[in-house]
Protein chains: 2
Amino acid sequence: MSKWENVSMSVIRRMPRYYRFLTHLKQIGTTRISSKELSEIMGLTASQIRQDLNCFGGFGQQGYGYMVEQLQHEIGNILGISNAYKAILIGAGNLGQALALNMPFGSLGFELTGLFDNAPEKIGTKVGDLPVYDVRKLEDFCAREHPVMAIFCVPREAVETLSDALYRQNVKSFWNFSHFDIAMKYPDAVVENVHLNDSLMTLCYRISNGSD
Amino acid sequence: MSKWENVSMSVIRRMPRYYRFLTHLKQIGTTRISSKELSEIMGLTASQIRQDLNCFGGFGQQGYGYMVEQLQHEIGNILGISNAYKAILIGAGNLGQALALNMPFGSLGFELTGLFDNAPEKIGTKVGDLPVYDVRKLEDFCAREHPVMAIFCVPREAVETLSDALYRQNVKSFWNFSHFDIAMKYPDAVVENVHLNDSLMTLCYRISNGSD
DNA sequence: TAGATTGTTAATCGATTAACAATC
DNA sequence: TAGATTGTTAATCGATTAACAATC
């Protein structure tokens, strides 16, 4: 299934940033760019940019550089953003609603197909055009709709039971905003953690101790 | 000002995770733990844990291990969570409100002291107990209250002007949820980016190409 | 052709892991 | 004292940077 093997996480995590900068360059009308120029804009070395891109193929032209639009397109393909992986979101609180309403899932390779919560006053309401379902109907929904990815915006205590149920239903990718470390439980799951508390603590450390 | 020099970013970013696991261990009543045991719970090597901790001091006891509560406390100190750095949040949309209402700023080294927005219908309303101020009063507020950190929950286009103004007012730490790369503009600023789109794209890549 | 810039190999640097002496 | 586990030095591994031949 894997088109590219042995690409390190460090490289993968830089790809969306390339995509972002190239999208912006395209918007402001830049058509061509060298690794040197891009490196100055992004704060990387030209060498690293060429190494990163050549993990996936040769997208440039010697003596000339890279075509912005083409490269942006290629990186979009690499990331797989034209997929529409069915995703569900669990926990329609403030954060869950913010994500459901603001994330451009369609441009990021996903399609949000269901919201779930356990609070009676939320069940049946709508967030954008998606209804909030009773979390007790989660397994039924999965059996019927076969989502691929689940977003966790629930308290730590709720995650273990929920992720067990989802894993049984073959949902093995998680975008995890909770404090529970899902990855430790399911070795074959794909887990992307967004630990906002950790991020803020890191910032606190850096303020306290100077940036460098 | 810096208590510890030459601690690498890789180590710093692991500290909040140690803090999180130790807090949980404490809650479930574990009083003592060896680097070996902790490594199994966290999915690291015992060696790495000992190396990481010894960047900041010797918190263990040979032949015995680490006292959970004491170590948790020490890491809290290292991270500086007993500070109350004044923070402001700009952009009181869904995401901004979610952060203002849900983040336990007080336990993470910060105190949220002001919210700002440019939408007339939001100005004057309250989010939790904090009023939303007119973003045009941002500089006045900074001159008076001297916040240290700013949280950006606004569109890319708005960030550059705002961060310039804040930088002039000596706000040089940013928790950045926007797509604008603040760090490139102010070399001496402390910037912690939370690029949710990038995170989701990375997840998409990993689903498309297998986790490993 | 000459100049520029890629793709790729080789060198360096930093981070992780292993090993072990110190010591509780 | 014997056993266990740390703190720390040394070895390994991987990621970044530098160099340069290929080539547009």
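What's counted below: heavy atoms across the whole structure, side chains too, no hydrogens, waters or symmetry copies. Everything quoted here is computed from the prediction, not taken from an experiment. In what follows, chains are A, B, ... by sequence order, proteins preceding strands, each numbered from 1.
A cation-pi arrangement is absent between B/Lys86 and B/Phe110 under the rule of less than 6.0 angstrom and at most 45 degrees off the ring axis.
Just one of B/Val154, B/Ile151, B/Leu89 meets the side-chain contact (heavy atoms from CB on, under 4.5 Å) condition when paired with B/Phe177; it is B/Ile151. Here the options are B/Ile75, B/Ile81, B/Leu79, the test is side-chain contact (heavy atoms from CB on, under 4.5 Å), and the partner is B/Pro16; only B/Leu79 passes.
Within 4.0 Å (heavy atoms only), A/Ser47 reaches at least one base atom of the nucleic acid. Among the atoms of the strands shown, only primed sugar atoms or phosphate atoms (P, OP1, OP2) are found under 4.0 Å from some heavy atom of B/Arg14.
The closest donor-acceptor contact from the side chain of B/Asp181 to the backbone of B/Ala183 lies at 3.5 Å or more, if one exists at all.
Residues of residues 57-72 of chain A that place a heavy atom closer than 4.0 Å to DNA chain C, in numerical order, are A/Gly58, A/Phe59, A/Gly60, A/Gln61, A/Gln62, A/Gly63, A/Tyr64, A/Gly65, A/Tyr66.
Counting only Watson-Crick or G-U wobble pairs whose defining distances are both under 3.5 Å, the stems of 3 or more consecutive pairs in DNA chain D are C:3-24 with D:3-24.
Atom CD of A/Glu69 has 12 or fewer neighbouring heavy atoms from other residues, nucleotides or ligands inside a 6.0 Å radius.
Counting 5' to 3', DNA chain C first comes under 4.0 angstrom of a heavy atom of chain B and last does so at the ends given by C/dA15 to C/dC24.
Judged purely by distance below 3.5 Å, without hydrogens or angles, the side chains of B/Arg156 and A/His24 pair a donor atom with an acceptor atom. Side chains of B/Glu37 and B/Ser34: a donor-acceptor N/O pair is present below 3.5 angstrom, by distance only.
Between A/Phe116 and A/Phe141, a ring centre-to-centre spacing shorter than 6.0 Å is recorded.
Here the side chains of A/Met201 and B/Tyr19 are in contact, with some heavy-atom distance below 4.5 Å.
Expressed to the nearest 0.5 Å, how far CG of B/Leu196 lies from CD of A/Glu192 amounts to 10.0 Å.
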